[in-house]
Amino acid sequence: MADLASTPVTIGRAPDNTLVVDDLLVSRHHLRATPHAEGFLVQDLGSRNGSYVNGASITSCVVRAGDRLTLGHLEFRVEAGELRMAPKKTRVSFVATELAVRLPSGKQLLHDVSFELPEAALLGVIGPSGAGKSTLLGALTGSRQATSGQVLFDGLDLYANYHELWHRIGVVPQDDVVHRQLTVRQALGYASELRFPADLERSARTARIAEVVGELGLDAHLDTRIDQLSGGQRKRTSVAMELLTQPSLLFLDEPTSGLDPGLDKSVMQTLRGLADGGRTVIVVTHSVANLGLCDRVLLLAPGGEVAYFGPPEGVLPYFGFEHYSDVFQSVSADPSGVAMRFRTSLAPAGGGRVLQPERDPVPAAEPLRQQSRGRQAAVLIRRQLRVLTSDRSYALFTALLPFVMAGLVMTVPGKAGFGPAERPPTSEPTQLLVVLIVGAAFMGLAASARDLVGERPIFLRERAVGLAPSAYLMGKLAVFGGLAMLQSAVLVGLVMQVKPPPDGASALGSGVLEIYVAVALTTFASATFGLLISAVVSTTEQVMPLLIVTLMAQLVLCGGLIPVADRLGLEQVSWASPSRWGYGAAASTVDVTAKSRAFAATPVPAAAGAPRDDPLWEHGSAPWWRDIGMLLLLTAAATSITAALLERTSRRR
C-alpha cells in the first residue's frame, strides 16, 4: 500500500510526478492532490480517462475519509489523514440481481435473471433461439441497461458507475471487429492508438501489444494478414483488441459461431486460460460441446427466464436427459414451467428479490475519448489508407477506374471536343460531358457505397470505447476526398490529351481547371451519397440495388441526356442529384448553349435533338459559382444525414 506525503503531489506516468504509476490508462500528468482541512483537494490535470470520486467524474473535488478516488485501474482512499493507494485488484466479483428488460409495448425480453459468479470464473450462457441471450449480454455490459435490476461489478453498481468502469470491461461481438486486410500487428497498433491516452509513449503501446499477443499465442502470426488466419486465430485477434486495456471482465457473443469442432475447443480453451489468469469471462454460445471447460452454466428459456444456473456437469442430470438437444426441446416446450421449477427448487441461497423502480432501457453514457477528434481522425485516416492499399483487388479497381472512364469518354465521335464549335454543329460537347460527369459520379459511388456497412461491427465496438462518430466520418471524408481529387485529375488529364480543351472559362480563368473542379466535386459529392447509402442499409447485399438506382438517376437527371429544365417535378427532383450541378458547372465552362446555337440556320438532325437552353448552363462567373455552391451544399447535406445516422446507429448498440 503506497502512502502519499502530506505536501501537494502529482500522480501520473511521467517520471517527474511525485507518485509515478504504471497504468497505461493513466495520463502522464493525471492528477494533483493537495492536503485540505477535510481531506485532500484533488484536481484532474486534463487527463484523457478522467478522475472519479465515488463513480462521478470530477475536475476538482475534496476527497474525504470514506470516499473512493479512481484513476484508470487504480483506487485511492483517505485513511488516517493520508491519501493511500489500494493494492491493484486482479480478481473481481460479479453479481446480477433480478435483471428484467421490458419494451415500451409491454413485451418482456428478460425476466428476473439473477446469478453470482465466483472471482475469475468462466460462465457459459446458453439457450434456444429467442431466449434473450443477446438482451442479457447488453444488460450485463451496460451497453443497454435493464429496465429493472442491478449489476454489481467489484461491489459497484455498473449502471451508476459506468464512466468509471467501462474501461475495465471488454466486449467481443459475434462479428469480427478487425479489418481483415491488415496484419495482426497493424490492427492491434491502430487499436492501441485509439484506446490509450494520446500521451502514451509508442514503446509502451508496443510492449502492451507484445504482452497480449504472447498471452493469446499469436506471436507467430503478428505479421500475417488477418484474412489468412484460421477462424480461431481471427477470434483470438478480436479478443486481443479487448485485452489491450487490461479488462477485468470479458464478454464474448458467439465466439465459436461458424467454427469447426477443433477450433471451437481451441477458442474455449483460450477463454479458460483467460479466466485462470484472473479475469471473469462470460461467453454466450450455441455450442455445448465444450461447456465442461466452464465454471458455471446459465441456461435461459424463451422469454428470458432462467431455467438453470450451476456447474456444467449438473445440466443434464437436472433435466434428466442425456443430450443437450433434448434439454433445449424441453425448455422450449414449457419455458414458464422449467423457470418456475428452478426458482422454487434450485434458486441460489440469498437470492431474494431486490425491488427497484422501473426505468426505460437506455444505452450507456458515452465513454471519454482517449484523444481529441482531430487525433482520432488522423489515426483513422492512416488506417483507412492502409486498409485500401492492402486490399489489392480494390486498389487495382480504384487505380484503373479513371482510365476506363477516360476510355469511355474518348469513344464520343468528333474532333471538336470542348473547343470552338464546328461546322456543321454537333452535340459532341454535351455527349462528352454526360460521360465525363456520370463517370465521375460512378467513381465516387463505387468507392464508398460498401464502406460503412462493411465495417459496422468495428465502428460500434470502437464507438463503445470512446470513438467519436464525427471523427470516424471525418476520416472517411478525408480519404475519399483525396481519392476523388486524384482520380478526377487522372480522368480529366487523359481526356484533355485527346479532346481539345475549352476555348474559354467562366470563373477561374482556365477552362481545364474549371472542368476539373466540377468533375472532382461531383466525384466527392457522389462519394458522400455512397456513404449515405452505406449508412442506410443493414447488409452489404442491399448496397448494389441502391447503387444502380442512384447511378441511373444521376445519368437521367444530369440534364445532358434528357432535358429536365422547366419540367415540373422532374426538374425539382434533379436538384438533389450531384450530376445535375456538376454537369451544369462544366457546361457553363464549355458554354454548350452557345455551341448548340452556332450555325443554327444549318439543319443538322444530330444537333436538333441535343438539350439546350438550360439556365444552369449559362456561361459566366455567377452561374458557375452557383452550380459549384449547390454541389457543396449537396455534399454537406449528405454528410450531415450520414452523421446523424451514425449517431443513431451507435446509440442502438
Side-chain angles (χ1 to χ4, degrees), residues 1 23 25 52-56 66-77 84-100 110 112-125 133 136-143 145-146 148-172 239 242-243 245-252 271-284 293-300 306 308-312 314 346-356 364:
M1 182 176 294
D23 189 323
L25 296 179
Y52 301 88
V53 174
N54 300 327
D67 289 339
R68 186 184 76 258
L69 169 66
T70 52
L71 321 175
H73 295 98
L74 307 178
E75 182 178 303
F76 298 83
R77 292 181 183 271
R84 299 184 177 183
M85 183 171 69
K88 190 173 181 180
K89 294 182 179 180
T90 57
R91 295 171 180 262
V92 297
S93 59
F94 188 81
V95 181
T97 307
E98 301 292 341
L99 292 180
L110 210 61
D112 297 339
V113 176
S114 298
F115 62 88
E116 180 175 351
L117 293 178
E119 295 180 349
L122 174 58
L123 169 68
V125 180
K133 299 186 295 296
L136 176 63
L137 188 65
L140 295 178
T141 60
S143 63
Q145 298 178 6
S148 64
Q150 188 179 51
V151 179
L152 294 180
F153 178 30
D154 196 19
L156 302 177
D157 188 309
L158 176 63
Y159 298 162
N161 299 277
Y162 187 79
H163 267 156
E164 176 187 350
L165 298 174
W166 70 268
H167 59 264
R168 297 172 64 184
I169 300 173
V171 181
V172 181
V239 173
E242 298 304 311
L243 295 187
T245 55
Q246 299 175 303
S248 308
L249 182 61
L250 184 64
F251 293 90
L252 301 99
L271 301 182
R272 178 69 264 171
L274 293 175
D276 292 339
R279 298 178 184 85
T280 298
V281 182
I282 298 177
V283 53
V284 174
L293 294 171
C294 299
D295 296 295
R296 297 287 187 275
V297 169
L298 175 67
L299 173 59
L300 291 179
V306 178
Y308 175 85
F309 174 72
L346 291 179
R353 292 182 63 87
V354 177
L355 297 178
Q356 295 186 355

[X] versus [Y]: any side-chain heavy-atom pair under 4.5 Å?
{"X": "L99", "Y": "L136", "result": "yes"}
{"X": "L252", "Y": "V239", "result": "yes"}
{"X": "L25", "Y": "T245", "result": "yes"}
{"X": "F251", "Y": "L137", "result": "yes"}
{"X": "F94", "Y": "L123", "result": "no"}

Measure from NZ or CZ of R168 to the centre of the six-membered ring of F153, then state whether that distance is under 6.0 Å and the direction lies within 45° of the axis.
->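 Cation-pi check for R168 and F153: passes.
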Any chance you could measure [X], atom [atom1], to [Y], atom [atom2], to the nearest 0.5 Å?
{"X": "L74", "Y": "M85", "atom1": "CG", "atom2": "CE", "answer": "6.0 Å"}
{"X": "L274", "Y": "E242", "atom1": "CG", "atom2": "CD", "answer": "12.0 Å"}
{"X": "R68", "Y": "F76", "atom1": "CZ", "atom2": "CZ", "answer": "13.5 Å"}
{"X": "Q246", "Y": "R279", "atom1": "CD", "atom2": "CZ", "answer": "8.0 Å"}
{"X": "T280", "Y": "L250", "atom1": "OG1", "atom2": "CG", "answer": "10.0 Å"}
{"X": "I282", "Y": "L117", "atom1": "CD1", "atom2": "CG", "answer": "5.5 Å"}

Checking N161 side chain against L156 main chain: does a donor-acceptor pair fall under 3.5 Å?
-> no
Any residue meeting salt bridge (Lys or Arg N to Asp or Glu O under 4.0 Å) with R272, in chain and number order, not counting sequence neighbours | D276, D295
Nearest non-hydrogen partners of [X] and [Y], listed with the distance:
{"X": "A146", "Y": "A100", "value": "CB-O, 3.3 Å"}
{"X": "L158", "Y": "G142", "value": "CD2-N, 3.9 Å"}
{"X": "L122", "Y": "L293", "value": "CD2-O, 3.6 Å"}
{"X": "L300", "Y": "V125", "value": "CD1-CG1, 4.4 Å"}
{"X": "P118", "Y": "A121", "value": "O-CB, 3.3 Å"}
{"X": "S114", "Y": "V306", "value": "N-CG2, 4.4 Å"}

Step by step, work out the side chain to side chain contact (heavy atoms under 4.5 Å, CB included) result for H163 and Y52.
-> CA-CA 8 Å; H163 267 156; Y52 301 88; 3.6 Å; yes
For E75 and T70, test the side chains for any donor-to-acceptor distance below 3.5 angstrom and give the result as yes or no.
->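 The answer is no; no qualifying pair exists.
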Could you give me the CA-CA distance, side-chain angles and deciding distance for V171 and I169, then say whether side chain to side chain contact (heavy atoms under 4.5 Å, CB included) is met?
-> CA-CA 7 Å; V171 181; I169 300 173; 4.1 Å; yes
Please assess L69 against R77 for the test side chain to side chain contact (heavy atoms under 4.5 Å, CB included), listing each intermediate value before the final yes or no.
-> CA-CA 6 Å; L69 169 66; R77 292 181 183 271; over 6 Å; no
Anything under 30° is parallel, anything over 60° is perpendicular, the rest tilted; go ahead and classify F115 against F309.
-> tilted
